[in-house]
Protein chains: 2
Amino acid sequence: MAPKQKGNVDIVAVAKAAKVSPSTVSRTFNHPDLVSPATRKKINRAVQKLGYVRNRAAQMMHGKRSGTIGLVVPTINHAIFAEVIQAFSDAIDQAGFTLLLASHGYDLDREYEMVRKLMEHRVDGVALIGLEHSAATSRLIAQQETPAMAIWNYAEESELPCVGADNRLAGRMAAEHLLELGHRDIGLIFPDTRGNDRAQYRLTSALEALRKKGVFVPEHRMSEAPYSVAQAKQAAIRLFSEDARPTALLCGNDVIAQGALYGAQKCGLRVPEDVSIIGIGDFKGSADIEPGLTTIRIPAETIGSLAGQRFTGYITSDMREQFRLCCGLERVVRGTTSPAA
Amino acid sequence: MAPKQKGNVDIVAVAKAAKVSPSTVSRTFNHPDLVSPATRKKINRAVQKLGYVRNRAAQMMHGKRSGTIGLVVPTINHAIFAEVIQAFSDAIDQAGFTLLLASHGYDLDREYEMVRKLMEHRVDGVALIGLEHSAATSRLIAQQETPAMAIWNYAEESELPCVGADNRLAGRMAAEHLLELGHRDIGLIFPDTRGNDRAQYRLTSALEALRKKGVFVPEHRMSEAPYSVAQAKQAAIRLFSEDARPTALLCGNDVIAQGALYGAQKCGLRVPEDVSIIGIGDFKGSADIEPGLTTIRIPAETIGSLAGQRFTGYITSDMREQFRLCCGLERVVRGTTSPAA
DNA sequence: AAGAATTATGAAAACGTTTGCAATACTATT
DNA sequence: AATAGTATTGCAAACGTTTTCATAATTCTT
């Protein structure tokens, strides 16, 4: 059945089989209305028979778009980015694009390498996570005139078009929730903020909101944990084993909060009676933990979809107007916070 | 600073700037040893100055590899696939390849579309999750002679080269652990097995292992839940609210098991005293839940890395020998299982 | 110091498409 | 029936590279 071509079936093989010129075959794909129905049928039959698959690389050489969009993330293996990637992928797929994915492990120099790599493949656009990038990356993007956008973070003053949430606000909202409940002795667990503007923004704004209400967080109440339930659990246990433990924990993201919750359970503490815990993100699963995690919801899926739609729109339209979208946050109060004793 | 070329900087622009021929520029990249150090320096300076970025699509037209590998997964937003994707991506990146990623949402027809789409981009190879694919997909792969491989599942009789674990064994091991602990009344929660050979294999082999020991699972002890903590939690609650509840739950994967655990906690059941729960997978986080989840560990990261290494090796070597790798499983006994009362 | 061997470079063809232009074959108008 | 117009098709150049072959510039032999 399979007609096992020896060489590669290209457009001229199809043309030969259909007894027309290569130009006509090309036109059948790109401007079907310029080809008579009869010829089209002949050609389609030949395409079918030979199993021809279009070669986008060759098309690209004529100024056509490559039909690919690059996405560079810190890591794929991360509840929240996985969700964004999925939504973004679906959205651009909808518009006929294919995703080129690369990760850099929170290393901005590697981010540059990845962007470069993607540009060698002539992606039609490159999307990055966050607003903080190396000067080299920005220069490269500007120089190549490749459309670029930032996902996940929103900032009015952003250079790049962006779709995301206001992480400063997120930090503030989390802090304010705890303050409203009367907490004054608050512990913080955050990831390393270097090269991670999301965490950076959340942390400084949370601290600032607390300070504004006269709450100062001493050094020993602050702990650093990477994105890992296990390590957050350890960090929480350390915080809880101090002589006087904090009455509430503000965590940089939901994974950390989840770890903190397990840490509390491990220490025999009741949540929220003995200690309140709040996260940021509202990851899939945060709602289902027992007790349900109180958190500041960042709509990852919405962000990913919206980013994909806007970006493909931006790329395909000829008059490119910048866009900056801020997706709303939501305080989701579940079972891990309660008024301070 | 940025020399703002009006047109695109291509190899001939560089050649002009360095006052050499395009051929020499090309050679500087592909066969540096054939170019005198002095000329090379001149050229590199020009490249630097103009901000030239190689065009892989154009290279590809000369039979060169595209330097991309396609990966088609059911979904990205899934702890276990995210882990595999990350490891696979890192491994192929190491070998100089870039990842083209597509997802199909457990729809084998869409899988075909995605594979086709990737082939239009002339990926150097395409990796699929699982061994079950539509006839159209297999035909397409054979016809295009694109290297292909299967990830995640291992089977001796697999057509495609594969790197994965024996899911039948995983199901059996889970069942046997429960049997060894003396459980006879066992509930099952599994995802829909259509178009999902992993789940299919696990389920049938678990059932078979149970039957071999004279344990039959009645219809009302079997529940279906998609890949979602929330829905698994609901399914578990349904199972637990029967008149006589099972003494143990065997879950198709760790996410389901996690949901089941929360469900038990919600119902006021103590785990493992009142009910034992075992999962399959050992996802990140499974170790840290309280109590730690007993599970059959599938080494996702190892599978992803190994798959990436082997596949790139396979693609770049000229004498391509098939490979089939079976990654070992491990029973990880933590806190959610105990002997039957 | 002349010829041979080696090294470095350039010219041009090739890769698989798209597209502007020209040519041909129709159809409609008078 | 001749003309003008339109619909369809083909020819050939172009896209940005790589590579073969040929040529020019060195270096080595003797």
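Order of the sequence lines sets the chain letters (A, B, ...), proteins ahead of strands, with each chain counted from 1.
With no hydrogens or angles considered, a side-chain donor-acceptor pair links His121(B) and Thr98(A) at under 3.5 Å. For the 3.5 Å distance criterion, the side chains of Gln86(A) and Asp90(A) qualify, holding a donor opposite an acceptor.
Between Met60(B) atom CE and dA14(C) atom P there is a gap of 19 Å when expressed in whole angstrom units. The CG-P distance, from Leu34(B) to dG10(C), rounds to 14 Å in whole Å. At whole-Å resolution of the value, CE in Met61(A) and C1' in dT17(C) are 9 Å apart. In this structure, CZ of Arg40(B) is placed 10 Å from P of dT9(C), rounded to the nearest angstrom. With rounding to whole Å, Lys16(B) atom NZ is found 19 Å from dT9(C) atom P. Note: CD1 (Ile43(B)) to C1' (dG10(C)) measures 12 Å, nearest angstrom. One atom, CD of Gln59(A), and another, P of dT17(C), lie 8 Å apart when rounded to the nearest Å.
Look at Ser23(A) and you won't find any side-chain N or O under 4.0 angstrom from OP1 or OP2 of dT18(C).
Under the 4.5 Å side-chain criterion, counting only non-hydrogen atoms from C-beta, Arg122(A) is in contact with Val53(B). Side-chain contact between Thr137(A) and Ser134(A) is present, with heavy atoms from C-beta onward closer than 4.5 Å.
Ser26(A) comes within contact range of at least one nucleobase, with a heavy-atom separation under 4.0 Å. Residue contacts for Thr24(A): at a heavy-atom cut-off of 4.0 Å it reaches the sugar-phosphate backbone alone, with no base atom in range. Among the protein residues, Phe29(A) comes within range of no part of the nucleic acid, since none of its heavy atoms lies under 4.0 Å from any strand. Among the protein residues, Arg56(B) comes within range of no part of the nucleic acid, since none of its heavy atoms lies under 4.0 Å from any strand.
Along DNA chain D, read 5' to 3', the first and last nucleotides having any atom under 4.0 Å from a heavy atom of chain B are dG16(D) to dT20(D).
Both His62(B) and Arg27(A) sit near DNA chain C, but only His62(B) has its closest nucleotide nearer the 5' end. Annotation: of the two residues near DNA chain D, Asp33(A) and Asn30(B), the 5′-most nearest-nucleotide partner is Asp33(A).
Between Tyr106(B) and Phe81(B), the ring-plane angle classifies as tilted under the 30° and 60° cut-offs.
Using a cutoff of 4.0 Å between basic side-chain nitrogens and carboxylate oxygens, Asp10(B) and Lys16(B) are not scored as salt-bridged.
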Take Val72(A) and Ile129(A), measure what side-chain contact (heavy atoms from CB on, under 4.5 Å) needs, and give me the verdict at the end.
CA-CA 7 Å; Val72(A) 184; Ile129(A) 296 291; over 6 Å; no

